[in-house]
Amino acid sequence: MNSAPRGKLIVISGPSGVGKGTVIKRLFELMPERLVPSVSATTRPPRPGEVDGVDYHFLTPEEFERRQRAGDFIESFQVYGHWYGTLESEVRPSLEQGKWVILEVDVQGAEAVRERFPDALRIFIMPPSLEELERRLRLRGSEDETQIRARLDVARREMEQADRFDVQIVNNDVEQAARQIRDLLERAAA
Ligand code: 5GP
């Protein structure tokens, strides 16, 4: 259990609406052989088009709590009123196979992962500005006004933590941001 894993853990974080999901999707296209995703568990209901087991493992609050008690999570936190967590079973087996596992977590999750996996590479994706982040959140259309305000407040606080990460990438352009991360990972492997 505590033997040094051969793979690499890459933690990607950043404020809600910054475009982490899109950048990560492109990163997988750029490095399909090397990377595997860790599918998080959540109690949030699926958005239209989201698939159970692909986007998230959608769990009931009872099931989530049962798995927390069973010690199945590397980290779990409440984000915007719902639980989110990284399952150990999504991470360890891939690391032991020498894969590079991509975790997309909030800032609290990234901090908790660092305690368990001090060698993890932690990347923070920044918006070009808070105004742009607000525009993107509105464009996505999945949150109401109160939720958008809450996400912007959290985003402000999260951005103050950006320098605790190993690398900061500004998402001005998805292709550019994904390539920057790919180059970084290739350098880390060299
Ligand atoms: P969304 O509901 O928009 O998919 O995600 C909301 C927030 O939860 C995002 O900031 C996302 O990075 C974060 N998140 C997703 N999965 C996890 C996880 O497993 N752990 C933690 N701590 N945060 C997560």
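In each ligand, atom 1 is the first atom listed, and ligand 1 is the first ligand listed.
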Original post:
Under a 4.0 Å heavy-atom cut-off, which residues neighbour ligand 1?
Top reply: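 The 4.0 Å shell around ligand 1 contains Lys20, Ser40, Arg44, Arg47, Tyr56, Glu75, Phe77, Val79, Tyr84, Gly85, Thr86, Glu104, Val105, Asp106, Gly109, Arg151.
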**OP:** Quick one: which residue pairs count as a side-chain hydrogen bond (donor to acceptor under 3.5 Å, both in side chains) with a foot in residues 25-37, not counting sequence neighbours?
**Re:**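 Only Arg26-Glu29, Arg26-Glu175 qualify under side-chain hydrogen bond (donor to acceptor under 3.5 Å, both in side chains).
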**OP:** Quick one: pull up CD1 in Ile169 and CD1 in Ile12 and give me the separation to the nearest 0.5 Å.
**Re:**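 Between atom CD1 of Ile169 and atom CD1 of Ile12 there are 8.5 Å.
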**OP:** To the nearest 0.5 Å, tell me how far Gln108 CD sits from Glu75 CD.
**Re:**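 So the gap between those two atoms works out to 9.0 Å.
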Original post:
For the salt bridge (charged side-chain N to carboxylate O under 4.0 Å, His left out) test, which of Arg151, Arg140, Arg149 pairs with Glu134?
Top reply: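 The residue from Arg151, Arg140, Arg149 that satisfies salt bridge (charged side-chain N to carboxylate O under 4.0 Å, His left out) with Glu134 turns out to be Arg149.
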Subject >> Residue among Gln180, Arg182, Arg187 satisfying side-chain contact (heavy atoms from CB on, under 4.5 Å) with Leu184 >> reply: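 Result: among Gln180, Arg182, Arg187, Arg187 is the only option passing the side-chain contact (heavy atoms from CB on, under 4.5 Å) with Leu184.
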Subject >> Pro127 versus Val18, closest heavy-atom pair with distance >> reply: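 In terms of heavy atoms, the two residues are closest at N-CG2, 3.2 Å.
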